[in-house]
There are 2 protein chains.
Amino acid sequence: MTIKEVSEKYGLSKDTLRYYEKEGLIGPVAKGKNNQREYQEENLNQIEFIKCMRSINMPIAKLKTYMNLYAQGPSTLDSRKEILENQLDAINIQLDDLKKAKERLLKKIELYNQEKSKKSH
Amino acid sequence: MTIKEVSEKYGLSKDTLRYYEKEGLIGPVAKGKNNQREYQEENLNQIEFIKCMRSINMPIAKLKTYMNLYAQGPSTLDSRKEILENQLDAINIQLDDLKKAKERLLKKIELYNQEKSKKSH
DNA sequence: ATAACACTTGAAGTGTACTTTAAGTCAAGT
DNA sequence: ACTTGACTTAAAGTACACTTCAAGTGTTAT
């Protein structure tokens, strides 16, 4: 797959894909005849994982650490698991914040609706 | 309440409090004899709301818009409600992303555990 | 009274995550 | 032959949300 195809498939700009590779989040991606990137299955899996983790604001630096460990093979299983578990904690905190904020907004919107119905009567 | 007390109460640095005020997210806060800030009840309510919204990454610019409308009085009720409703949509998207990521991490961690138990047998 | 400390201001600096630019290579279309 | 378009690189630029700095004023403790 070319960078353009990957870009379109995952909704990441070509620049972002090259940036992720340079930072070591993916790749290195194999280059074809014209020195152009040819993304392989494994690259795509990594990209999907990264996209998912970035959607919840896992920092680039942590993903980088994780991917470096991954590249180092099975001896790093424990460290990798630890990173994932930490990330899970972060997710639970975020879920909590979101639920609190949602509650608050729903109440506030309810109040606005009451204000309005008052006016119209 | 002094800026120091507010800072400690809400876990926001004094600089951040002044920054929020400068950006128009709160205040203007009344100044006492020594040109020092004296936070009032309303300021505290605003700070709490802002803290909650910032915890879920509502952008400063949107909060600013919202707070400006608020300061303009009841004629802006509809616009304010719209902002809150948009923010609610954003929250639901984030909740979705988080749940997906959580699922994925739980599965991945499970796999790591399986790898480990394989090794130990 | 003279440090030590808390505050004030505006402006410059920082970290994160991209994004854009500049300068170049390569292949296809007219 | 030549332009158009997609790609390559490294480096500089941008946006956001603070954070730190520099320079100054005022209050409190010894």
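Residue numbering restarts at 1 for every chain, and letters A, B, ... go by the order of the sequence lines.
- To the nearest 0.5 Å, atoms CG (B:Asn34) and CD (B:Gln36) are separated by 5.0 Å.
- Residue contacts shown for B:Lys22 are absent, as no nucleic acid heavy atom lies under 4.0 Å away.
- The shortest distance between the side-chain N/O atoms of A:Ser13 and the OP1/OP2 oxygens of C:dT19 is below 4.0 Å.
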Got a list of side-chain donor-acceptor pairs under 3.5 Å for residues 13-32 of chain B, not counting sequence neighbours?
| unit_1 | atom_1 | unit_2 | atom_2 | d |
| --- | --- | --- | --- | --- |
| B:Ser13 | OG | B:Asp15 | N | 3.4 |
| B:Ser13 | OG | B:Thr16 | N | 3.0 |
| B:Ser13 | OG | B:Thr16 | OG1 | 2.9 |
| B:Asp15 | OD1 | B:Arg18 | NH2 | 3.4 |
| B:Glu21 | OE1 | B:Arg37 | NE | 2.6 |
| B:Glu21 | OE2 | B:Val29 | N | 3.1 |

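- Direction change of the helix axis from one end of the helix from C:dA1-D:dT30 to C:dT30-D:dA1 to the other is 20°, with five pairs defining each end axis (rounded to 10°).
- For the atom pair A:Leu106 CG and B:Leu88 CG, the distance stands at 5.0 Å (nearest 0.5 Å).
- Taking A:Thr76 as the reference, A:Leu69, A:Gln72, A:Arg80 meet the side chain to side chain contact (heavy atoms under 4.5 Å, CB included) condition, with sequence neighbours excluded.
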Go through the steps to decide whether B:Met67 and B:Ile50 satisfy the test side-chain contact (heavy atoms from CB on, under 4.5 Å), and finish with yes or no. CA-CA 10 Å; B:Met67 290 310 206; B:Ile50 283 158; 3.7 Å; yes
Using a 3.5 Å cut-off and no angle test, enumerate the donor-acceptor pairs between side-chain atoms of residues 53-64 of chain B and protein atoms at least two apart in sequence or in another chain.
| unit_1 | atom_1 | unit_2 | atom_2 | d |
| --- | --- | --- | --- | --- |
| B:Arg54 | NH1 | B:Met58 | O | 2.6 |
| B:Ser55 | OG | B:Cys52 | O | 2.7 |

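- Summarising the geometry, atom CD1 belonging to B:Ile93 is positioned 11.5 Å from atom CG belonging to A:Leu98; distances are rounded to the nearest 0.5 Å.
- When rounded to the nearest whole Å, the span between CD of B:Glu38 and P of C:dT8 equals 11 Å.
- Here ring-ring contact (aromatic ring centres under 6.0 Å, His included) pairs that include residues 73-95 of chain A, with residues two or more places apart or in two chains, number zero.
- Within the structure, the ring-ring contact (aromatic ring centres under 6.0 Å, His included) test picks out no pair touching residues 86-107 of chain B (sequence neighbours left out).
- The side chain to side chain donor-acceptor pair (under 3.5 Å) analysis of residues 82-111 of chain B, with sequence neighbours excluded, yields the pairs A:Asn92-B:Lys102, A:Lys102-B:Asn92.
- Although no hydrogens or angles enter the test, the distance criterion places a donor-acceptor pair under 3.5 Å between the side chain of B:Gln40 and the main chain of B:Glu38.
- Within the structure, a side-chain polar atom (N or O) of A:Tyr20 is placed less than 4.0 Å from OP1 or OP2 of C:dC18.
- For DNA chain D, the span of nucleotides reached by chain B at under 4.0 Å from its heavy atoms goes, 5' to 3', from D:dA17 to D:dT27.
- Residues from residues 88-95 of chain B with heavy atoms under 4.0 angstrom of DNA chain C: there are none.
- Distance, A:Asn34 CG to C:dG24 C1': 15 Å, rounded to whole Å.
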Can you check nucleotides 4-7 of chain C for protein contacts, nitrogen or oxygen pairs under 3.5 Å, and list what you find?
| unit_1 | atom_1 | unit_2 | atom_2 | d |
| --- | --- | --- | --- | --- |
| C:dC7 | OP2 | B:Lys14 | NZ | 2.6 |

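- The heavy-atom pair separating B:Lys51 from B:Tyr10 by the smallest distance is NZ-O, 2.9 Å.
- Here the CD1 atom belonging to A:Ile47 is positioned 7.5 Å from the CG atom belonging to A:Leu12, to the nearest 0.5 angstrom.
- Counting only heavy atoms from C-beta outward, the side chains of B:Glu115 and B:Leu111 never approach each other to under 4.5 Å.
- Near DNA chain D, meaning a heavy atom under 4.0 Å away, the residues from residues 49-70 of chain B are B:Arg54, B:Pro59, B:Ile60.
- Contacts classified as ring-ring contact (aromatic ring centres under 6.0 Å, His included) and involving residues 65-88 of chain A (residues at least two apart or in different chains) are given here: A:Phe49-A:Tyr66.
- Separating the OG1 atom in A:Thr65 from the CD1 atom in A:Ile83 is a distance of 5.5 Å, to the nearest 0.5 Å.
- Rounded to whole Å, atom P of C:dC18 lies 12 Å from atom CD1 of A:Ile26.
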